[in-house]
Amino acid sequence: MGFDLSEALRSLKPLKRMGTLERRADDDLPWVDDEPIVGGPLFLDTSVYLDVLQGRSPAEVDTLLTYRLCHHSAVCLSELTYAFGRLDPKHASTKSVLETIQATVDDIPEHRLHAPDAATWGQAGVLAGLLFRLSNLQKGEGHERRFVNDALIFLQARQFGASVLTGNIRDFDYLSQIIPTGRVILYRSPPAS
């Protein structure tokens, strides 16, 4: 099957982790503003695609996307293509939104698009459950599914020796607290005007 549960449990030690995760202070987090233009590869979180498409990505993010090698996750592909089933075909903006998403998906180089393997899926399940328990959030609000996707992207990036570029500050701060060897680069989108 390609997944060793005993190894995942040994590595994450979920039963030994107690308490609640707290988001670290901004000064203790790795921000895009502090990143050199030239550096290691990036693994893009879905927030990056959405912010770029909506013209909300900070200039520092756009610069990194220009100069760094970018990897893409099949998890983000799924989150992007969800709109094709979800959006109301009768809504006036649906056609243009879907055309934009299709162009974005078509631009992803096939050799840079990666699907998680069985081991990553298995470890992501344990990691997402741990993240949910330690974050002390309400059940039934969709956090569980979102955490599985975030854990998959985080673990894929770690496999490739890449940093996750994301605007999802809280979740990826928590993930990097649980697995400090995973790298993230965080950013904030400017407020909508």
Side-chain angles (χ1 to χ4, degrees), residues 8-52 54 56-65 67-73 75-76 79 116 120-192:
L9 295 175
R10 219 176 2 264
S11 138
L12 292 171
K13 298 178 181 44
L15 300 178
K16 294 188 183 232
R17 295 180 186 262
M18 301 294 169
T20 303
L21 289 169
E22 299 291 333
R23 192 171 91 60
R24 294 177 286 186
D26 281 359
D27 289 344
D28 297 330
L29 296 174
W31 295 101
V32 70
D33 312 29
D34 301 324
E35 278 294 309
I37 292 173
V38 176
L42 302 174
F43 220 86
L44 307 184
D45 181 35
T46 307
S47 62
V48 177
Y49 300 95
L50 298 177
D51 288 337
V52 168
Q54 294 173 12
R56 298 172 1 122
S57 55
E60 297 86 357
V61 167
D62 297 337
T63 300
L64 283 187
L65 293 174
Y67 290 100
R68 298 273 189 105
L69 178 65
C70 295
H71 292 281
H72 308 269
S73 175
V75 174
C76 296
E79 290 181 333
T120 303
W121 273 102
Q123 190 175 18
V126 176
L127 182 57
L130 183 58
L131 178 59
F132 184 74
R133 178 169 53 88
L134 297 178
S135 65
N136 207 23
L137 295 170
Q138 290 290 343
K139 293 179 183 174
E141 295 182 0
H143 301 293
E144 297 91 334
R145 179 193 52 79
R146 191 183 80 237
F147 285 168
V148 169
N149 288 351
D150 291 344
L152 285 165
I153 294 164
F154 183 79
L155 292 170
Q156 281 187 282
R158 191 167 168 251
Q159 271 184 325
F160 281 88
S163 298
V164 178
L165 179 62
T166 183
N168 182 346
I169 298 163
R170 185 195 62 198
D171 295 354
F172 282 89
D173 173 29
Y174 288 174
L175 286 165
S176 65
Q177 287 181 54
I178 296 171
I179 302 179
T181 56
R183 293 187 303 250
V184 297
I185 301 170
L186 304 169
Y187 70 90
R188 283 194 175 92
S189 299

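Counting only residues at least two apart or on different chains, the salt bridge (charged side-chain N to carboxylate O under 4.0 Å, His left out) pairs with a member in residues 40-51 are Asp51-Arg56. For the salt bridge (charged side-chain N to carboxylate O under 4.0 Å, His left out) condition, no pair includes a residue of residues 127-137, sequence neighbours left out.
The structure places OH of Tyr187 at 9.0 Å from CD1 of Ile169, a figure rounded to the nearest 0.5 Å. The CG atom of Leu69 sits 10.5 Å away from atom CZ of Phe43, with the distance rounded to the nearest 0.5 Å. A distance of 12.0 Å separates CZ in Phe154 from CD in Gln159, rounded to the nearest 0.5 Å. Atom OG of Ser47 sits about 8.5 Å away from atom CD1 of Ile153, to the nearest 0.5 Å. The distance from the CZ atom of Phe172 to the CG atom of Leu131 is 9.5 Å, given to the nearest 0.5 Å.
For the side-chain hydrogen bond (donor to acceptor under 3.5 Å, both in side chains) test, residues two or more places apart in sequence or in another chain that qualify with Arg188 are Asp26. By the side-chain hydrogen bond (donor to acceptor under 3.5 Å, both in side chains) test, Asp171 is found to be paired with Arg146, Asn168, residues two or more places apart in sequence or in another chain being considered. Every residue meeting the side-chain contact (heavy atoms from CB on, under 4.5 Å) condition with Arg68, not counting sequence neighbours, appears here in chain and number order: Glu35, Pro36, Leu42, Leu64, Ile185. Legend: residues meeting side-chain hydrogen bond (donor to acceptor under 3.5 Å, both in side chains) with Thr181, ordered by chain and number and at least two apart, are Arg158. The ring pair (Phe, Tyr, Trp, His ring centres under 6.0 Å) search around Tyr67 returns none, not counting sequence neighbours. Contacts of Asp27 classified as side-chain contact (heavy atoms from CB on, under 4.5 Å), with partners at least two apart in sequence or in another chain: none. Judged as a side-chain contact (heavy atoms from CB on, under 4.5 Å), and not counting sequence neighbours, the contacts of Glu60 are Val32, Asp33, Pro58. For Tyr49, the ring pair (Phe, Tyr, Trp, His ring centres under 6.0 Å) partners at least two apart in sequence or on another chain are His72.
With contacts defined as side-chain heavy-atom distances shorter than 4.5 Å, the pair Tyr174/Leu134 does not qualify. Side-chain contact between Val48 and Ser57 is absent, with no heavy atoms from C-beta onward closer than 4.5 Å. Contact annotation: the side chain of Ser73 never approaches that of Leu44 to less than 4.5 Å [non-hydrogen atoms, C-beta and beyond]. Side-chain contact between Leu165 and Leu65 is present, with heavy atoms from C-beta onward closer than 4.5 Å. Between Gln156 and Cys76, every side-chain heavy-atom pair lies at or beyond the 4.5 Å cut-off.
Within 6.0 Å of atom CH2 in Trp121, 12 or fewer heavy atoms from other residues, nucleotides or ligands are found, so the atom counts as exposed in its surroundings.
Using modelled atom types, no side-chain atom of Asp173 and backbone atom of Leu29 make a donor-acceptor pair closer than 3.5 Å. For the pair Gln177 (side chain) and Arg23 (backbone), a donor-acceptor distance under 3.5 Å is absent.
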side-chain contact (heavy atoms from CB on, under 4.5 Å) for Leu155 and Ile179? Distances and angles first, verdict last. CA-CA 9 Å; Leu155 292 170; Ile179 302 179; 3.9 Å; yes
List, one per line, each side-chain donor-acceptor pair under 3.5 Å for residues 123-130, sequence neighbours excluded.
none

